[in-house]
Amino acid sequence: MVFALEGSNRIADEGPDFRNPAGSGGIKIAIDRGGTFTDCIGSRPGHPPVVIKLLSVDPQNYEDAPREAIRRVLEAYTGQAIGRNERLDTGLIESIRMGTTVATNALLERKGQRCALVTTKGFADCLIIGNQSRPKIFDIAIHKPEVLYHKVIEIDERVTLEDYTEHPEKFKTVDVSHDENLVVGLSGEIVRLLKRPESTEIESALLELYAEGFRSIAVCLTHSYTFPDHEKLVGKIASKVGFEHISLSSQLMPMIKLVPRATSATADAYLTPEIKKYISGFEKGFEGGLGNASAKTGKGARCEFMQSDGGLVDVKSFSGLRAILSGPAGGVVGYALTSYDLNTKIPVIGFDMGGTSTDVSRYGEGHYEHVFETTTAGVTIQSPQLDINTVAAGGGSQLFWRNGLFVVGPESAGAHPGPACYRKGGPLTVTDANLLLGRLLPEFFPTIFGPQENEPVDTQASKRLFAMLTEQINSEIDDASKMTEDEVAYGFIKVANEAMVRPIRALTEAKGYDTSTHRLATFGGAGGQHAVAIAEALGISQILIHKYSSVLSAYGMALADVVQEVQEPSSYIFTPETQKIFVERFDELQKKASASLHDQGFDDGRIDFELYLNMRYQGTESALMIIKPVGWDFEKAFVNHHLQEFGFILPNRDIIVDDIRVRGIGKSYQLKERSVDEQLKTLKVSPVNEAKVVSTKTVYFEGGRQQTPIYKIGNLDVGEKVVGPAILADGTQTILVPPGSAAIILETHVIIHIGDETTKKAANSEQIDPITLSIFGHRFMAIAEQMGRALQKTSVSTNVKERLDYSCALFDAQGGLVANAPHLPVHLGSMSTAVRTQASIWKGKLKKGDVIVSNHPQTGGTHLPDITVITPAFHGDKIVFYVASRAHHADIGGILPGSMPPHSRELYQEGAAILSEKLVSEGHFDEQRITELLLHEPAQYPGCSGTRCLPDNINDLKAQVAANQKGISLIESLINEYSESVVQFYMLAIQDNAELSVKSMLKQLSKRFEGRVLQAKDHMDDGSLICLTIDINGNDGTAVFDFTGTGPEIYGNMNAPEAVTYSAIIYCLRCLITEDIPLNQGCLKPVKVVIPKGSFLSPSATAAVVGGNVLTSQRITDVIFHAFEACAASQGDCNNLTFGIGGKLDGQEEQVRGWGYYETIAGGSGAGPNWHGTSGVHTHMTNTRITDAEIFERRYPVLLREFSIRKGSGGNGQYRGGDGVVRDIEFRVPVQCSILSERRVYHPYGLAGGEDAHCGLNLWVRLIDDGNGGKKERIINLGGKNTASMQSGERIIICTPGGGGYGPAHLDADIGGRKKDPRANWRGQGSVAIYNAIQESN
């Protein structure tokens, strides 16, 4: 269907100007192929623009949607019919600009080119292991995305970095002339050549690959970002062999980190051939060629594709790696150039709500915000991408009634079958809800449905399904709460809006911005129906909707510039002296960018440059990409940006430059339209002429249906004001103007002003409303999340600011958990224990402004480094709720740095233990007392030190206090919005909802086990026994978890505080439910837990516990899952490895400067009833990421010899257990090394006839005299827990346990029933997703 937008004084007769360097006056076409619709704008001088919207997938009518769109544009402008199979004449076309989902779809569907990976010996499995964390923390059937390559070969070559950044004296090698194996890398780092590759061996391996049919390869060798010579050699030989596509990681993105760079190279080898194949097929539909080269000959049209970074590139240079966000990038360019004013500088939040997904981004300060490492469809890619975050599934998001809650998405109906109203038998979606409520108008919606693509949307289909769903909901709720179909549909709209607001707020506040100071630019087909509600929730008062808002991604393609990015690594400290180096490097990179843009037809007058340095403070990983300020003062710009985003600066720290980047911009468009603010200055506003009302509809708003006038956008004149309720519509968009808001027509936009709402929202505090309950579930979680953002922003330690090792939570007046973010398993049950205990201790003694601090195992602590800060909130003299934050402090004293000693016997050896203290008294922070507790008291014990980082401790504790205060102010706002009685009522109601979910699950389990008592037991490696009996009452859904028979307290550190057991239980219950439910105190209400006092699960107040938190917790989960027969045992271990130098040496009081390193290592997960275990992954109570190999060797004097899957270590069975890993580390200087591990004696069990997995093994490869003046290796078994002084050249090899098998090995496995994670289809995984992934992996 073609929509020619009518000319009026709102829309320029000429349409958009797609001016480019080769401008010749022909037809200019811009296309965005989205997940559901393909949008197209055609422009020709002297003619109105042509806007086309068609389904992206409609195989019954056309093969390729973009080519079909171009055919329709040509028909519209020539007036001549063109057959669908005719080749299109490029002589009529000046340019084609396009965003495509070809690469994204190939990635999502795993339909790329068959390719192979070439990497360094010892790292063949580096992409299988990845960062070792699991994607979904509560999924015991762990599913990691498949690797993209089909085969991997290893090259026997190796280089490493000569120096290390953690050197106590900051030593750096200067002279490399004395050693032929030392060279200076591109980054300025000194590289040591350990093993040069053999050309003949490389050629032989590549010939074998070629003979197997491979034609595309990816090459990624260790440290090639700074030393690319070995990769270039492989590339040269591969070209000689005949490979058609060769992706060298050092050329694609020369940034440090082996795994993301290898994934990026593999993604390019996998996707680029598919891109080329698509382009080749696309070109065959045209007479004459496409691209700059063809246009120069006069026989073709320019053709450019949008890249993920927001810049265009010639069709011949378009690559898979930079195509992932091709479509969404156009939308960001579109709203950035049409909604941002360089004079007023009001920042803009982009809200792109389409059919399949909703993308959120931000534009401010006059330049795009990029991220350089993102994950899409499970593939982590290093490449500049606009910071676009997918926050919901969009108009196609499916609607569910689950466990008494309204749930929206993440499942999407997609383009096929689409929503119920699309006439393809689809499910109920957000689009159907808007249609039922009258917010979508069938007469303005494209008539492209049905077998002949000529029918409107099917309103009756939506009504029919809503009637069925309403009947189901009403059958499960009280009579007093029964709802109409309208109320149900509106409830889903409200829940959808609430779900979208949370990540939008996170995107802005994480960068240190206030959402209320922004404008909201909404676009995409569904954006206009939700914009006002979203803006109100964010405190935004102005909404901008461009005249092409429903096709703004396509419009953005027309506005975009051609971009050439070049980048190189660096390791220099930024000083006045090194600035000369950066100036020289910038000059070289600018020349490279210019040469590429010259080839694409741009002269120097049309080329601009943006110069960036990627900068960070020494010792941190929070790098910021800083654009060149006026006068080259990069240091000042970095400091100001750091203060803005993180809330502090480190004035005495060196500033490191990690990367030097140049963004060359070929200017191809000058926007002719005036900015919104320029238009507002001269605008004369008048009420809309009522004669322009096209029709009147009954539309549902808060409280019921209202008679609502409908206006056709094209009929409205500039300056006319439409007061809500109203709907503005045309053939491509529907804009809802609710009561209390008003729309004003500008030349280029509709601008909506939102009035102040001061009335309290109506909600019942006596009867549960499922809609309000669903919304409060989101609001409570949002408060916990915003507390976390505040904590991260104001903290200074690496653990909190970068590893995000913390939790923030909201509790009711009794200390019951209401919401906890993020869902770190070990914190789930234990935080509420801590709050309830402190509430009891301080009952009647607290005043407003008081804050409590505690970390003791007897009062709800897990291990001492996790310090909990608790703040009560008062209404009058009454405490109405609590907020708390728990953060992992890097050191709190004890016998070893890091406060996690492997051989502690008493609690005091693990650092400061705080039972219950006031940290703040009526607003006064008691720094003297906390210093005494952390620094002086621990040092009184033999062999112990106080905290080794007191300033960080104090700063982080102040950050925790500030985060709690943020939570209190947010809840007070919620009380002002709804009233205290309503908020407290729903704090309890959300817990009751979780309780019902757990009870329902326990009733089902009782039926499955026919009412029998469940039992299980397992041993720690020292023989200590954990016994569990679970007695489920199938009538009322309650259960008793009885640990009677568990062994006594251990004289060691495997003791687990009671809070750890509660955390393990709530984690296991959540895993067994398999659906998202509110995780709060209600989960434990149906459960009675019996733990014998004096056992190692309920130790005395002085017992050491550090191993209980990281090791015993894993065994508890194995025992619980064993009792429920849920899955075989996983590795049951964290494999805690520490090493370093310095500290307090024997016989000395003074501490020696040094460094320390701590990591946990993955293993195998257990198999289950319809899944294989996963290899090389963290399980259950931990999900910590591993340090990338290149970062590992840059920071520390180590050589990672091998990091691989330990083949065959998983238990055999019908479903195989996952394998453990082998981690082989060589030390280049003498170090003290400690290992704290389990499952070295007792095997991870198999289940239902499956076999046990292999135990783990810790080996010390020791160098001893061989009697001839040399050294020979002796291999020593370290056992599960040990400490050793290792010399230079010695190694530790950690072989981690596998997971148990499930079912007899002779039976065939059937894994076809596993559900795919619907979120895997989300496109933009920007900074919000990165934040969440980091926080769920610690």
Side-chain angles (χ1 to χ4, degrees), residues 784 787-788 791 800 805-843 845-846 850-873 879 881-889 892 907 910-920 930 933-934 956-957 959-961 963-964 967-968 987 991 1055-1067 1079-1085 1089 1091 1097-1099 1101 1103 1105-1106 1108-1109 1113 1181:
M787 288 173 64
L791 177 52
V800 178
D805 193 350
Y806 60 79
S807 282
C808 294
L810 163 64
F811 303 83
D812 63 28
Q814 289 71 46
L817 177 66
V818 175
N820 192 105
H823 293 320
L824 300 183
V826 80
H827 290 175
L828 283 174
S830 58
M831 286 270 275
S832 56
T833 305
V835 175
R836 286 201 312 274
T837 303
Q838 297 301 328
S840 175
I841 293 171
W842 291 93
K843 188 174 182 179
K845 305 173 188 174
L846 294 174
D850 287 351
V851 181
I852 306 158
V853 62
S854 176
N855 70 341
H856 202 288
Q858 294 293 300
T859 54
T862 50
H863 65 168
L864 298 183
D866 279 349
I867 300 181
T868 305
V869 172
I870 302 165
T871 307
I879 295 176
F881 58 85
Y882 291 90
V883 289
S885 53
R886 174 174 286 176
H888 184 107
H889 289 245
I892 54 163
L907 187 65
E910 298 172 0
I914 305 170
L915 266 169
S916 184
E917 294 276 347
K918 269 192 189 179
L919 180 63
V920 180
I930 197 66
L933 290 167
L934 293 176
D956 283 354
L957 286 169
Q960 289 178 254
V961 172
N964 287 3
I968 288 174
M987 277 187 175
Q991 296 177 52
N1055 302 293
E1058 286 189 6
V1060 170
T1061 298
Y1062 281 96
S1063 295
I1065 291 172
I1066 198 172
Y1067 164 78
L1079 278 170
N1080 55 47
Q1081 202 64 37
C1083 294
L1084 283 174
K1085 282 184 180 179
V1089 182
I1091 305 174
L1097 300 187
S1098 181
V1105 297
V1106 69
N1109 187 60
S1113 63
M1181 301 299 281

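Values below: all heavy atoms of this structure, side chains included; hydrogens, waters and symmetry mates excluded.
Here CG of L817 is found 7.0 Å from CD of Q991. Values are rounded to the nearest 0.5 Å. Note that CZ of F881 and CD1 of I968 are 6.0 Å apart. Values are rounded to the nearest 0.5 Å. Rounded to the nearest 0.5 angstrom, L1084 CG and S1063 OG are separated by 8.5 Å.
When every heavy atom of P1099 is checked against every heavy atom of A1056, the shortest pair comes out as CD-O, 3.3 Å. Of all heavy-atom pairs between Y806 and A887, the closest is CB-CA, 4.0 Å. Pairing each heavy atom of A912 with each of L934, the nearest pair is CB-CD2, 3.9 Å. For M787 against G967, the heavy-atom pair with the smallest separation is CG-CA, 3.5 Å. Of all heavy-atom pairs between I870 and A834, the closest is CD1-O, 4.0 Å. Minimum interatomic distance between G860 and R886 (heavy atoms only, all atoms of both residues): O-NH2, 3.0 Å.
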**OP:** Could you go through the side-chain contact (heavy atoms from CB on, under 4.5 Å) check for V869 and V961 one step at a time?
**Re:** CA-CA 7 Å; V869 172; V961 172; 4.1 Å; yes
Original post:
Under the side-chain contact (heavy atoms from CB on, under 4.5 Å) criterion, do S916 and W842 qualify, and how do the steps go?
Top reply: CA-CA 9 Å; S916 184; W842 291 93; 2.6 Å; yes
Subject >> Test side-chain contact (heavy atoms from CB on, under 4.5 Å) applied to V1105 and V1060, step by step >> reply: CA-CA 10 Å; V1105 297; V1060 170; over 6 Å; no
Original post:
Does the side-chain contact (heavy atoms from CB on, under 4.5 Å) test come out yes or no for L915 and I841, once each step is laid out?
Top reply: CA-CA 10 Å; L915 266 169; I841 293 171; over 6 Å; no
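Counting only heavy atoms from C-beta outward, the side chains of I852 and L846 approach each other to under 4.5 Å. Contact check for T1061 versus E1058: no side-chain heavy atoms found under the 4.5 Å cut-off. H889 has its side chain within reach of L957: a pair of non-hydrogen atoms, C-beta onward, lies under 4.5 Å apart. Residues L810 and M987 are in side-chain contact: their nearest non-hydrogen atoms beyond the backbone lie under 4.5 Å apart. The shortest side-chain heavy-atom distance between N964 and C808 does not fall under the 4.5 Å cut-off. F811 is listed as a side-chain neighbour of M831, based on a closest heavy-atom distance under 4.5 Å. Annotation: side chain of L907 is in contact with side chain of L864 (closest heavy-atom distance under 4.5 Å). H888 places a side-chain heavy atom less than 4.5 Å from the side chain of D866.
The backbone N or O of G861 sits nowhere less than 3.5 Å from a side-chain atom of N855 that would complete a donor-acceptor pair. Q838 places no side-chain N or O within 3.5 Å of a backbone atom of E917 that could act as its donor or acceptor partner. With hydrogens and angles ignored, the 3.5 Å screen pairs no side-chain donor or acceptor of S840 with any backbone N or O of R836. In this structure a side-chain-to-backbone donor-acceptor pair under 3.5 Å is missing from N820 to L1079. For the pair H863 (side chain) and P865 (backbone), a donor-acceptor distance under 3.5 Å is absent. The closest donor-acceptor contact from the side chain of Q960 to the backbone of S885 lies under 3.5 Å.
The salt bridge (charged side-chain N to carboxylate O under 4.0 Å, His left out) test applied to D812 returns no partner, not counting sequence neighbours.
With hydrogens and angles left out, the side-chain atoms of T862 and S830 include no donor and acceptor closer than 3.5 Å.
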